[in-house]
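Quick note: numbers below take in every heavy atom, side chains included, and nothing from hydrogens, waters or symmetry partners.
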Amino acid sequence: MGKIVDNLDDVAKLLSKKSEQKIILKKRNQSQRILRNKRNKREHNEDRKIMLIPVLIIVLILLIKFLEALGLGVPLTPKNKIIASASEMQSPSNLEEEKKDDSLKEYNDDVLEKFFREYFQAKLTADVDTLYRLSGVTNQSTEQTNKLKAQLKTQSGYIEAYEDIKTYAVPGIGENEKLVFLQYKVRFRRAKTAAPAIMYCYIKVNEANAFELVENKTPEQTKFVHEYIQTHDEVKDLIQAVDSQLLEALSSDSRLAVLYDAFQTGRIYTEDQASIDSEVSLIEMDDNGPTEETSASVPETTDGGSTGESTESPATEASGGQEGETAPSESNEGA
């Protein structure tokens with residue numbers, strides 16, 4: 001069965017050899033156990049890393065969604081990008097986008113239209129206080145106020161209404177500023193045909209969050225207005241169209257021509273209204289318009305009639321107006 005030993009020395013050697021084998025076996029087992037533990041630990045760590053990847057992805061997605069909700073993130077999908085882009089283009093507060101497109105377009109805004117309806121109504125009723133408010137004017141003397149009111153009353157003796165008001169606007173040079181062109185018609189009391197007209201003005205949104213005419217423009221604003229009118233064909237086309245309409249109206253209605261001449265030359269302020277009305281009355285009217293021509297000539301216009309500096313200052317007659325108006329010019333003195 002076992003190994004036969006002859007003496008005690010052989011027994012001692014055999015026992016010593018077995019001890020060495022046990023030690024070697026023990027060390028080998030320890031080494032294998034250590035290697036096995038390391039391998040298990042490494043595999044466990046790798047499993048943890050693999051499990052962490054989807055968790056990190058979910059956390060990242062939630063973080064991006066949270067930033068988007070705060071308006072700080074970047075949309076993830078193309079669909080969201082399209083919606084954001086359209087919103088930016090349509091936002092009135094996006095001034096950079098507005099300034100890229102400075103072509104003249106019809107501007108349909110209920111608040112702005114109401115503003116100019118109030119402006120024209122104030123002219124018809126000689127409501128100087130309203131005109132001052134719309135223009136932000138506060139420094140007019142009693143003499144200036146009375147003079148402007150008298151001029152407006154004189155005008156209202158001839159003008160019955162302002163009709164067919166259309167607004168065109170482009171961004172101005174400052175925040176919440178616009179250059180506005182008004183196309184409208186002046187209805188005179190004793191003429192059948194309305195007179196086409198066009199006027200420009202520079203407006204801003206004031207501290208009360210309301211539109212306000214800029215009565216005293218800065219040199220930069222004045223330069224901007226002048227250069228815009230001179231360099232944009234759509235403005236020139238609009239002015240030419242109004243000039244053509246005015247010429248046709250004056251040619252077809254002699255009564256209108258007489259009244260228009262009285263306004264252009266300032267005769268309404270120097271002559272009695274009865275004398276001007278008598279000139280108009282000499283022209284008989286039938287259903288088709290005037291039947292008799294008078295000697296009143298149609299006044300010539302400078303630069304096509306639309307860029308002449310007859311002024312349309314609603315509030316500061318004494319200091320000179322800042323709005324330009326043509327066809328017809330209701331006052332050469334700034335009323």
> Any sub-3.5 Å donor-acceptor pair from S275's side-chain atoms to D272's backbone N or O?
yes

> Taking C-beta and beyond as the side chain, do I173 and E220 meet within less than 4.5 Å on heavy atoms?
yes

> Hey, are the side chains of T125 and L152 touching, using non-hydrogen atoms and a 4.5 Å cut-off?
no

> Enter the distance from L112:CG to K178:NZ here, rounded to the nearest 0.5 Å.
8.5 Å

> Flag the pair Q121 / D127 as yes when at least one side-chain heavy-atom distance between them is below 4.5 Å, and no otherwise.
no

> Counting only N and O atoms by type, is there a donor-acceptor contact under 3.5 Å from the side chain of K236 to the main-chain atoms of Q230?
yes

> What I want to find out is whether E163 reaches R187 closely enough, with some N-O distance under 4.0 Å, to be called a salt bridge.
yes

> Would you say T167's side chain and Y107's backbone share a donor-acceptor pair under 3.5 angstrom?
yes

> Measure the shortest side-chain to side-chain distance between V205 and E212 over non-hydrogen atoms and say whether it is less than 4.5 angstrom.
no

> Is the distance from the ring center of F211 to that of F116 below 6.0 Å?
no

> Is the shortest heavy-atom distance from the side chain of V280 to the side chain of F188 under 4.5 Å?
no

> Yes or no on side chain to side chain contact (heavy atoms under 4.5 Å, CB included) for E118 and T130, after CA distance, side-chain angles and deciding distance?
CA-CA 8 Å; E118 186 177 12; T130 296; 3.8 Å; yes

> Sub-3.5 Å donor-acceptor pair from the side chain of E248 to the main-chain atoms of Q245, do we have one?
no

> So, do Y162 and F120 have ring centers that fall under 6.0 Å from each other?
yes

> Would L238 and I198 satisfy side chain to side chain contact (heavy atoms under 4.5 Å, CB included), going step by step from the backbone distance to the final call?
CA-CA 9 Å; L238 181 62; I198 187 168; 3.7 Å; yes

> Any idea which heavy atoms bring Y269 and Q155 closest together, and the distance?
OH-NE2, 2.8 Å

> Salt-bridged, E160 to R190, with N to O below 4.0 Å?
no

> Please check if the side chain of R189 supplies one atom and the backbone of A161 the other of a donor-acceptor pair under 3.5 Å.
no

> Using the side-chain hydrogen bond (donor to acceptor under 3.5 Å, both in side chains) rule, take Q183 and Y168 through it: C-alpha gap first, then chi angles, then the decisive distance, then the call.
CA-CA 8 Å; Q183 183 181 5; Y168 301 82; 3.2 Å; yes

> Given the rule in the side chain to side chain contact (heavy atoms under 4.5 Å, CB included) test, do E143 and K147 qualify, once you have shown the distances and angles that lead to the verdict?
CA-CA 6 Å; E143 181 182 358; K147 185 175 182 180; 5.6 Å; no

> Side chain to side chain contact (heavy atoms under 4.5 Å, CB included) between L131 and D129: does it pass, once the steps are laid out?
CA-CA 5 Å; L131 291 176; D129 291 336; over 6 Å; no

> Relative to the ring of Y200, is the ring of F181 parallel (under 30°), tilted (30 to 60°) or perpendicular (over 60°)?
tilted

> Output every pair passing ring-ring contact (aromatic ring centres under 6.0 Å, His included) with a member in residues 222-243, not counting sequence neighbours, ordered by first then second residue.
Y228-H232

> Could you tell me if the side chain of V235 sits less than 4.5 Å from the side chain of D233, heavy atoms only?
no

> Please say whether more than 12 non-hydrogen atoms of neighbouring residues, nucleotides or ligands are located less than 6.0 Å from CD in E106.
yes

> Are T222 and Y202 close enough that some pair of their side-chain heavy atoms sits under 4.5 Å apart?
no

> Determine, step by step, whether S135 and Y119 satisfy the side-chain hydrogen bond (donor to acceptor under 3.5 Å, both in side chains) criterion, reporting the C-alpha distance in whole Å, the side-chain angles of both residues, the deciding distance to 0.1 Å, and the verdict.
CA-CA 10 Å; S135 303; Y119 164 77; over 6 Å; no

> For residues E177 and G174, report the shortest heavy-atom separation together with the two atoms involved.
OE1-N, 3.0 Å

> I need the L247 CG to S252 OG distance, nearest 0.5 Å.
9.5 Å

> Would the distance check show the side chain of Q144 and the main-chain N or O of S141 forming a donor-acceptor pair, the cut-off being under 3.5 Å?
yes

> Look up atom CG in L148 and atom NZ in K123, then write down how far apart they are to the nearest 0.5 Å.
9.5 Å

> Any donor-acceptor pair under 3.5 Å linking the side chain of D261 with the backbone of A257?
no

> First locate atom OG1 of T142, then atom NZ of K149, and finally report the distance between them rounded to the nearest 0.5 Å.
10.5 Å

> Is a side-chain donor or acceptor of E234 paired with a backbone partner of L104 at a separation under 3.5 angstrom?
yes

> Looking at V186 and A197, what are the two nearest heavy atoms and their distance?
CG2-CB, 4.3 Å

> Is the closest side-chain heavy-atom distance between Q273 and I276 below 4.5 Å?
no

> Any carboxylate oxygen within less than 4.0 angstrom of a Lys/Arg side-chain nitrogen, looking at R267 and E279?
yes

> Please report the interatomic distance CD(Q221) to NZ(K204), rounded to the nearest 0.5 Å.
8.0 Å

> Closer than 4.0 angstrom, basic N to acidic O: yes or no for K192 and D253?
no

> Let me know which of L213, L179, L134, N176 forms a side-chain contact (heavy atoms from CB on, under 4.5 Å) with I203.
L213

